[in-house]
Asker: 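Pasting a structure here, questions to come.
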2 protein chains.
Amino acid sequence: MAAKPTKQSPIPSVWARPRREADQPTLSRATIVREAVVMLDAEGVEALSMRKLATRLNAGAASLYRHVATKDELMELAVDEVAAETHVPPADSPEWRAAAAEAAGSFRATALRHPWLSSVLGQAGLAYLGPNLMSFSERLAALFTSAGFAKPSGPIDTLLSYVIGMSTTEAAWLITVARSGETEADFIARLMPAAQQAAAVHEHLAEGYADAVSATVDPVALRDEKFAYGLDVVLDGLALRLEA
Amino acid sequence: MAAKPTKQSPIPSVWARPRREADQPTLSRATIVREAVVMLDAEGVEALSMRKLATRLNAGAASLYRHVATKDELMELAVDEVAAETHVPPADSPEWRAAAAEAAGSFRATALRHPWLSSVLGQAGLAYLGPNLMSFSERLAALFTSAGFAKPSGPIDTLLSYVIGMSTTEAAWLITVARSGETEADFIARLMPAAQQAAAVHEHLAEGYADAVSATVDPVALRDEKFAYGLDVVLDGLALRLEA
DNA sequence: CGCTCGATGCGAACGATGTACGCAGAGACA
DNA sequence: TGTCTCTGCGTACATCGTTCGCATCGAGCG
């Protein structure tokens with residue numbers, strides 16, 4: 001609605017009156033959250049303001065508050081919205097390790113697809129009660145109990161902590177890269193001198209950086225590998241617990 | 001300096017002129033960062049504004065920008081400031097597992113002491129190059145290489161990811177609790193009905209919540225235990241890698 | 001001793017933000 | 001036709017991060 005009415009209210013005619021526009025359905029919690037996610041993906045967390053979001057929806061800023069109590073609440077809804085993208089294999093799959101690995105990878109993938117997610121997860125208002133995150137946990141619980149763990153909360157928390165921690169770090173890195181406007185490889189190349197200088201005092205770190213400089217490989221593959229390594233470590237540790 | 005001069009510049013007398021106050025040394029990057037940490041600890045991340053911080057330092061808001069380029073930069077400095085509180089045992093300690101566990105616990109402790117840390121870590125501007133965080137990594141690298149790992153970056157990233165993930169979750173929870181003004185136990189009690197209802201649809205989760213309700217134990221001890229479990233899992237996984 | 005100069009502090013202002021208030025129109029049901 | 005509820009929104013307020021230009025200070029130098 002509201003196809004920008006002119007400043008002064010004009011002739012009070014039915015025809016001049018703004019008509020509900022059919023293309024943009026109506027303002028609703030769902031449309032608001034969906035558009036918020038689009039904006040967050042496109043411009044990051046600090047570019048999302050209630051006013052800009054409202055403008056995108058052909059609405060006034062105050063209108064949003066009819067469907068959403070507060071911006072923080074909007075954020076929680078946005079988190080749960082993208083949580084729907086995660087995928088956990090069914091519990092009856094024969095190999096629990098592969099299933100857990102796939103669930104973990106799926107979480108990481110959505111966290112990297114929506115890098116703002118990680119910044120928001122650390123914020124206060126717990127979105128952990130949202131239906132989609134809930135069902136993610138539930139499916140993990142099903143997976144681990146069917147795998148033989150007596151109490152699945154231990155494995156769940158361990159796996160999720162690792163995945164969240166790694167994804168947060170990666171997402172923060174990706175945001176920084178994106179902000180530079182360069183490709184990841186170029187950004188790394190430009191950052192190396194400073195990093196090396198900062199690491200020069202620390203013998204063990206300097207060694208690692210020296211390696212990194214020679215390896216001009218695909219940075220994406222490098223991150224994938226790093227994630228896989230830690231994931232394997234965690235799953236190994238869990239497997240050990242399964243035999244007792 | 002500047003003990004609030006009166007609005008109109010009064011009689012231009014030496015005695016009326018504001019004098020440098022000796023008790024509050026001077027405005028400097030160090031004092032600013034230190035006070036910022038105090039405010040963050042006391043009132044959380046959203047309560048820290050440049051104006052309020054300046055007022056606390058008997059200064060004008062604009063003055064802060066002589067020592068700090070931007071608020072984001074201040075935050076990075078604050079992160080590195082508290083990173084100095086972490087502790088890693090010397091590399092030559094006989095038992096690398098105990099040493100790694102102590103380092104991890106130390107990180108978690110400071111993350112819980114400064115719950116705003118986790119929210120900021122997920123934010124963009126990488127503070128990972130700060131000197132204190134650097135030396136934390138360095139000491140971890142020393143520890144793991146001395147333990148026998150060929151390339152310490154794998155274990156470091158794995159361990160840190162787990163610790164960061166778990167601490168972030170815990171800190172977010174603690175912030176929510178603190179905001180309620182209740183004790184953690186009371187808050188849990190008040191939250192249980194809603195959580196149970198939300199979990200009711202999910203059979204495996206409902207089970208876990210049923211457990212939690214009967215266990216009216218110390219919530220702090222429960223969190224400690226949860227952290228220790230996951231930490232053991234990670235260290236077991238790493239130990240496995242050491243034998244190959 | 002007097003002058004200059006760079007460093008430091010800050011009042012005021014700008015644009016943007018999240019949100020409260022109260023009115024206006026629209027559809028439902030009497 | 002009249003009333004009531006729901007939805008949209010113009011306006012306003014307090015607060016925010018940050019910039020600009022000026023005032024002040026102390027050190028160095030002639």
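Remember, predicted model here, so these are calculated numbers, not experimental data. In what follows, chains carry the letters A, B, and so on, assigned in the order in which the sequence lines appear, proteins first and then strands, with residues in each chain numbered from 1. Every heavy atom of this structure was used, including side-chain atoms; hydrogens, water molecules and symmetry mates were not.
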Asker: Would you please name every residue forming a side chain to side chain donor-acceptor pair (under 3.5 Å) with B:E102, sequence neighbours left out?
Answerer: B:H87
Asker: Between A:E170 and A:R108, does at least one N-O distance fall below 4.0 Å, as a salt bridge requires?
Answerer: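 So A:E170 pairs with A:R108 through a salt bridge.
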Asker: Could I get the full list of side chain to side chain donor-acceptor pair (under 3.5 Å) partners for B:E43, not counting sequence neighbours?
Answerer: none
Asker: Please determine whether a side-chain nitrogen or oxygen atom of A:S63 lies at a distance below 4.0 Å from atom OP1 or OP2 of D:dC9.
Answerer: yes
Asker: Starting at atom CZ of B:R29, determine the distance to atom C1' of C:dA7, rounded to an integer number of angstrom.
Answerer: 15 Å
Asker: Using atom CG of B:L27 as one end and atom P of D:dT24 as the other, report the distance to the nearest whole Å.
Answerer: 19 Å
Asker: Reckon A:K52 has a side-chain N or O less than 4.0 Å from the OP1 or OP2 of C:dT17?
Answerer: yes
Asker: By side chain to side chain donor-acceptor pair (under 3.5 Å), which residues pair with A:R190, not counting sequence neighbours?
Answerer: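 Residues passing side chain to side chain donor-acceptor pair (under 3.5 Å) with A:R190: A:E182.
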Asker: Rounded to whole Å, how long is the line connecting atom CD of A:E73 with atom C1' of C:dG18?
Answerer: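 It works out to 14 Å between those atoms.
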Asker: Could you go over nucleotides 17-21 of chain D and give all protein N or O partners under 3.5 Å, atom names and distances?
Answerer:
{"unit_1": "D:dG17", "atom_1": "OP1", "unit_2": "B:K71", "atom_2": "NZ", "d": "2.8"}
{"unit_1": "D:dG17", "atom_1": "OP2", "unit_2": "B:M50", "atom_2": "N", "d": "2.8"}
{"unit_1": "D:dG17", "atom_1": "N7", "unit_2": "B:R51", "atom_2": "NH2", "d": "2.6"}
{"unit_1": "D:dG17", "atom_1": "O6", "unit_2": "B:R51", "atom_2": "NH2", "d": "2.5"}
{"unit_1": "D:dT18", "atom_1": "OP1", "unit_2": "B:T70", "atom_2": "OG1", "d": "2.4"}
{"unit_1": "D:dT18", "atom_1": "OP2", "unit_2": "B:Y65", "atom_2": "OH", "d": "2.8"}
{"unit_1": "D:dT18", "atom_1": "OP2", "unit_2": "B:T70", "atom_2": "OG1", "d": "3.4"}
{"unit_1": "D:dT18", "atom_1": "OP2", "unit_2": "B:K71", "atom_2": "N", "d": "2.8"}

Asker: Return no unless some side-chain N or O of B:H67 is found under 4.0 Å from OP1 or OP2 of C:dA7.
Answerer: no
Asker: Please report, to 0.1 Å, the donor-acceptor pairs under 3.5 Å made by any side chain of residues 129-141 of chain B, with sequence neighbours excluded.
Answerer:
{"unit_1": "B:N132", "atom_1": "ND2", "unit_2": "B:D80", "atom_2": "O", "d": "2.9"}
{"unit_1": "B:N132", "atom_1": "ND2", "unit_2": "B:D80", "atom_2": "OD2", "d": "3.2"}
{"unit_1": "B:S135", "atom_1": "OG", "unit_2": "B:N132", "atom_2": "O", "d": "3.4"}
{"unit_1": "B:S137", "atom_1": "OG", "unit_2": "B:L133", "atom_2": "O", "d": "3.3"}
{"unit_1": "B:E138", "atom_1": "OE1", "unit_2": "A:H204", "atom_2": "N", "d": "3.2"}
{"unit_1": "B:E138", "atom_1": "OE1", "unit_2": "A:L205", "atom_2": "N", "d": "3.0"}
{"unit_1": "B:E138", "atom_1": "OE2", "unit_2": "A:E203", "atom_2": "N", "d": "3.4"}
{"unit_1": "B:E138", "atom_1": "OE2", "unit_2": "A:H204", "atom_2": "N", "d": "3.4"}
{"unit_1": "B:E138", "atom_1": "OE2", "unit_2": "A:H204", "atom_2": "ND1", "d": "2.9"}

Asker: Calculate the interatomic distance between B:N58 atom CG and C:dG11 atom P; express it in whole Å.
Answerer: 12 Å
Asker: Could you state the CD-C1' distance from A:E46 to C:dG15, rounded to the nearest angstrom?
Answerer: 17 Å
Asker: Under the rule for side chain to side chain donor-acceptor pair (under 3.5 Å), what residues qualify as partners of A:S28, not counting sequence neighbours?
Answerer: A:T31
